[in-house]
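Notes follow the structure.
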Amino acid sequence: MGKRRLWARLAVVTGLLLVASACAEEPTTDGTSPEGPAFQTLQEGILRVGSCLDYKPFEFIEGGDQKGFDVDLTEAIAAELGLEVEWVRTDFQGIFTAVAAGQFDMVAAAATIKEKREQVVDFSDPYYNSRQSLAVNTQETPDIASTSDIGEGHVVGVQQATTGLDWATENLEPQGAQIKTYTSVTDAFRDLEAGRLTAIVNDEPSSQAIVEDLTGVEVVEGIDTGEHYGLAFSPDNPELREAVNDALATLIEDGTYAAIFGQYFPGVEVPPEFQPAA
């Protein structure tokens, strides 16, 4: 091979290496640093998040603004990733199929991680430990103090497609209770306040927040079901889930998670797994 041809080939190889090096230093489509996880969102720089936005204290609308534990935590995660959040209000019943179909990037809706849902979506690491609860109208049914008092002739309200529905169907229907489903749990609580329901099974922190604004309605029993909330993603976007998990770990470690938790659950100790490492 002649020297001229050899030098020409070397020049081509060198050029390719320089191009590869330059590409490796390019930011991702969402502007993340080359050291961080590479991920994509539906729109560059935007994290589209599906949520019911009517589930205190996790996500709700107040004064025209989105508020709640899920809202603030999601906003903090997005900031950590260099993204702005766009909230998409969606009924809970179809929220997992919607994110799997690419209607938004992520679900933040006090969603319990459960096997059936994992057939449709991928969940983040757990970010909240939750229990179910029994709420009753103590003026209408002062004799009902626990789920063991529920039986024939009682109507129990639950939100559609929730673990509360699963638990009530499995445990209270065999006792003779009629299970009535609602698209929005706030509608169920209005019926309970009006005496049209006997009780409601719902996530405990949500129920505790809702009954503060109602007359005669109280949470009378907590139901430990070992539930954990997770953020949900399309299985086609594992890179985004990984990036969110990394951001969540950072927020736990730097104390941001604890600060947000304290704002919405005052007086409640942050679980050890969500506290900064000693």
Side-chain angles (χ1 to χ4, degrees), residues 51-52 54-60 68-70 90-97 107-121 123-124 126-138 140-141 143-193 196-212 214 217-232 265 268 271:
S51 185
C52 303
D54 65 350
Y55 202 70
K56 287 185 175 181
F58 294 96
E59 72 275 347
F60 57 97
F69 178 72
D70 282 6
T90 309
D91 286 344
F92 193 81
Q93 186 172 15
I95 205 165
F96 300 111
T97 53
V107 167
T112 300
I113 300 170
K114 53 184 295 188
E115 186 176 351
K116 184 177 180 180
R117 292 172 180 170
E118 288 178 314
Q119 296 173 8
V120 180
V121 298
F123 280 101
S124 69
Y127 71 89
Y128 186 82
N129 302 337
S130 184
R131 299 197 305 176
Q132 294 295 319
S133 66
L134 184 74
V136 302
N137 187 323
T138 55
E140 295 287 336
T141 54
D143 56 326
I144 297 180
S146 72
T147 54
S148 61
D149 298 322
I150 299 292
E152 294 287 344
H154 294 154
V155 182
V156 178
V158 291
Q159 187 177 9
Q160 294 175 354
T162 62
T163 52
L165 170 59
D166 295 341
W167 192 92
T169 301
E170 183 179 345
N171 294 276
L172 300 184
E173 209 168 47
Q175 294 177 196
Q178 175 188 342
I179 309 302
K180 183 176 181 179
T181 61
Y182 291 79
T183 300
S184 169
V185 75
T186 54
D187 291 339
F189 272 98
R190 280 192 281 268
D191 276 359
L192 181 61
E193 184 180 34
R196 293 188 286 269
L197 287 176
T198 308
I200 289 175
V201 172
N202 183 54
D203 290 2
E204 186 176 31
S206 169
S207 294
Q208 292 283 14
I210 293 172
V211 301
E212 290 179 0
L214 302 180
V217 178
E218 296 181 14
V219 175
V220 295
E221 183 184 21
I223 306 167
D224 192 355
T225 54
E227 295 181 32
H228 301 87
Y229 291 166
L231 306 165
F265 310 106
V268 179

Next on the checklist: Please evaluate residues Tyr229 and Thr112 with respect to the criterion side-chain contact (heavy atoms from CB on, under 4.5 Å), reporting the C-alpha separation (whole Å), side-chain torsions for both, the decisive distance (0.1 Å), and the verdict.
Outcome noted: CA-CA 4 Å; Tyr229 291 166; Thr112 300; 3.6 Å; yes
Item to check | Passing candidate, side chain to side chain donor-acceptor pair (under 3.5 Å) with Gln132, options Asn171, Asp224, Thr163, Thr225 | outcome: Thr163
Do [X] and [Y] have side-chain heavy atoms sitting under 4.5 Å apart?
X: Leu134; Y: Val219; value: no
X: Tyr55; Y: Asp70; value: no
X: Arg131; Y: Ile223; value: no
X: Ile113; Y: Glu118; value: yes
X: Ile210; Y: Phe60; value: no
X: His228; Y: Phe123; value: no
X: Lys116; Y: Asp166; value: no
X: Pro205; Y: Ser130; value: yes

Quick one: does [X]'s side chain have a donor or acceptor within less than 3.5 Å of a partner on [Y]'s backbone?
X: Ser133; Y: Asn202; value: yes
X: Thr181; Y: Gln160; value: no
X: Glu221; Y: Thr147; value: yes

Rounded to the nearest 0.5 Å, what separation is found between the [atom1] atom of [X] and the [atom2] atom of [Y]?
X: Thr162; Y: Gln93; atom1: OG1; atom2: CD; value: 10.5 Å
X: Ile179; Y: Glu170; atom1: CD1; atom2: CD; value: 11.5 Å
X: Gln208; Y: Lys56; atom1: CD; atom2: NZ; value: 14.0 Å
X: Asp149; Y: Thr141; atom1: CG; atom2: OG1; value: 9.5 Å
X: Ile144; Y: His154; atom1: CD1; atom2: NE2; value: 4.0 Å
X: Glu218; Y: Asn137; atom1: CD; atom2: CG; value: 9.0 Å

Next on the checklist: Evaluate Leu197 against Tyr182 for side-chain contact (heavy atoms from CB on, under 4.5 Å), listing each step before the verdict.
Outcome noted: CA-CA 12 Å; Leu197 287 176; Tyr182 291 79; 3.5 Å; yes
Might you point out which heavy atoms bring [X] and [Y] nearest each other, and give the distance in Å?
X: Tyr127; Y: Ala111; answer: OH-N, 4.4 Å
X: Phe58; Y: Ser206; answer: CE1-N, 4.2 Å
X: Lys180; Y: Val155; answer: CB-CG1, 4.0 Å
X: Ser146; Y: Val220; answer: N-CG2, 4.5 Å
X: Phe189; Y: Val211; answer: CE2-CG1, 3.8 Å
X: Ile150; Y: Leu172; answer: CB-CD2, 4.3 Å

Checklist entry - Between Ile95, Thr90, Val121, Leu231, which is the residue that forms a side-chain contact (heavy atoms from CB on, under 4.5 Å) with Val107? => result Ile95
Next on the checklist: If you apply the rule side-chain hydrogen bond (donor to acceptor under 3.5 Å, both in side chains), what do you find for Asp91 with Thr183, and how did you get there?
Outcome noted: CA-CA 7 Å; Asp91 286 344; Thr183 300; 5.3 Å; no
